Amino acid sequence: FSTLKAGHLFVCVESAVSNVLAVDIGGTRFRLGLFSEQGQQLVVSEGDTDASGGREWMLERVRERAQVLLANSQEAVKACGVSFGGPVNYSLQQVTSLHAAGWSDFPLAWWVQETVSLPCWLDNDANAGALGEYHHGAGRGATSMAYITISTGIGSGLSCDGKLLRGKDCMAGELGHVPISDTGVPCPCGGKGCLETNKDLESQGATACIGPAGEKLVRFANIMIGGANSPGRGGAGTRQPLCRTAATLAPRAGVTPAPA
């Protein structure tokens, strides 16, 4: 291991013929990384998200760290994959998140493409996680699977026969916004009584979903994918930063058209 400067951790491994850039934007942490085409982690740069800084603060961090990573890549970087911690319009490659001010309808894939001059593809973090696990982690060999993410928010990515289920308005698998209470606690999404508004989850974080609550989430996910294979506890992709899964998006990246 060697550190270039604060916040930039470089892991020295044998480089592939070409690399991909991965960007993961979350409500608590953000990460950028370089990966080989085979999904091997080469470099990771991460930091804490300043929610008060808004969209412009985050975009500047992405710009700065992407420039450092690309400048230090030993091989050509051919594409970029982005995972975003909130709802995404996959068809338009735009963020539709209602959770953080300034992100709604923002053409994030196009902005990244213009900023780093690489073809870019965008998806929400749960879908990216499901895709990563299917190819590199606990989902390898599974016909269908569910990937559940419990972090700043709660979500899931659902895969059937190797294809992600997106549903109407790309909102399939948004477990955090399933109503579980009749208390009517307002949620930033505009709903009431959503799972993410549960005060136990807010105070205890992921530990609140261990035990019966966690088992209920797993059963619910299995119901959504038709009683398919158990999602398990995650493999290498789960233990690594989520930007590993964003790297899985990069090979499918094409040129993102400018927003209308």
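Computed from a predicted model, the values in this text were never measured in an experiment.
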Non-hydrogen side-chain atoms of [X] and [Y] separated by less than 4.5 Å:
X: Met145; Y: Tyr134; result: yes
X: Val95; Y: Leu108; result: yes
X: Thr149; Y: Leu175; result: no
X: Met58; Y: Ile25; result: yes
X: Cys187; Y: His177; result: yes
X: Leu32; Y: Val62; result: yes

Heavy-atom pair of closest approach, residues [X] and [Y]:
X: Ser18; Y: Glu37; value: OG-OE1, 3.0 Å
X: Ser83; Y: Ala128; value: CB-CB, 3.7 Å
X: Pro119; Y: Gln113; value: CA-OE1, 4.0 Å
X: Val116; Y: Ala66; value: CG1-CB, 3.8 Å
X: Gly176; Y: Cys194; value: O-CB, 3.3 Å
X: Ala126; Y: Tyr147; value: O-CD2, 3.6 Å

With sequence neighbours left out, what residues match Asp50 under salt bridge (charged side-chain N to carboxylate O under 4.0 Å, His left out)?
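For Asp50 there are no salt bridge (charged side-chain N to carboxylate O under 4.0 Å, His left out) partners, ignoring immediate neighbours.
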Is a side-chain N or O of Arg55 found less than 3.5 angstrom from the main chain of Gly102, in a donor-acceptor match?
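Between the backbone of Gly102 and the side chain of Arg55 there is a qualifying donor-acceptor contact (under 3.5 Å).
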Between the side chain of Arg65 and the main-chain N/O of Glu46, is any donor-acceptor distance below 3.5 Å?
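Such a contact is found between Arg65 side chain and Glu46 backbone.
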Out of curiosity, [X] [atom1] to [Y] [atom2], how far, rounded to the nearest 0.5 Å?
X: Asp123; Y: Leu164; atom1: CG; atom2: CG; value: 6.5 Å
X: Leu21; Y: Leu42; atom1: CG; atom2: CG; value: 11.5 Å
X: Asp161; Y: Thr143; atom1: CG; atom2: OG1; value: 6.5 Å
X: Asn127; Y: Leu158; atom1: CG; atom2: CG; value: 7.5 Å
X: Leu118; Y: Cys80; atom1: CG; atom2: SG; value: 6.5 Å
X: Leu59; Y: Thr115; atom1: CG; atom2: OG1; value: 7.5 Å

Parallel under 30°, tilted from 30 to 60°, perpendicular over 60°: which one fits the rings of Trp111 and Phe106?
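Trp111 and Phe106: tilted rings.
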Kindly determine whether Leu34 and Leu69 satisfy side chain to side chain contact (heavy atoms under 4.5 Å, CB included), including the steps that lead there.
CA-CA 7 Å; Leu34 285 178; Leu69 293 176; 4.2 Å; yes
Arg61 vs Asp48, salt bridge (Lys or Arg N to Asp or Glu O under 4.0 Å): CA-CA, chis, key distance, verdict
CA-CA 10 Å; Arg61 302 292 84 72; Asp48 295 327; over 6 Å; no
Run the side chain to side chain donor-acceptor pair (under 3.5 Å) test on Thr96 and Asn89 for me, step by step, so that the C-alpha distance in whole Å, both residues' side-chain angles and the decisive distance to 0.1 Å come before the verdict.
CA-CA 6 Å; Thr96 57; Asn89 186 318; over 6 Å; no
Please identify each residue that fulfils side chain to side chain donor-acceptor pair (under 3.5 Å) with Ser117, with sequence neighbours left out.
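If we apply the side chain to side chain donor-acceptor pair (under 3.5 Å) test to Ser117, skipping adjacent residues, there are no hits.
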Derivation and outcome, side chain to side chain contact (heavy atoms under 4.5 Å, CB included), residues Val82 and Cys120
CA-CA 7 Å; Val82 181; Cys120 178; 3.5 Å; yes
May I have the step-by-step check of side chain to side chain donor-acceptor pair (under 3.5 Å) for Asn19 and Ser73, ending in yes or no?
CA-CA 8 Å; Asn19 299 331; Ser73 177; 3.1 Å; yes
With side chain to side chain contact (heavy atoms under 4.5 Å, CB included) as the criterion, how do Phe84 and Asn124 come out once you've worked through the C-alpha distance, each side chain's angles and the decisive distance to 0.1 Å?
CA-CA 5 Å; Phe84 184 84; Asn124 73 46; 5.6 Å; no
By ring-ring contact (aromatic ring centres under 6.0 Å, His included) - contacts of Phe30 (at least two apart):
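Here the qualifying residues are Trp57.
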By side-chain contact (heavy atoms from CB on, under 4.5 Å), which residues pair with Glu60, not counting sequence neighbours?
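Scan of Glu60 (side-chain contact (heavy atoms from CB on, under 4.5 Å), adjacent residues dropped) gives Arg63, Glu64.
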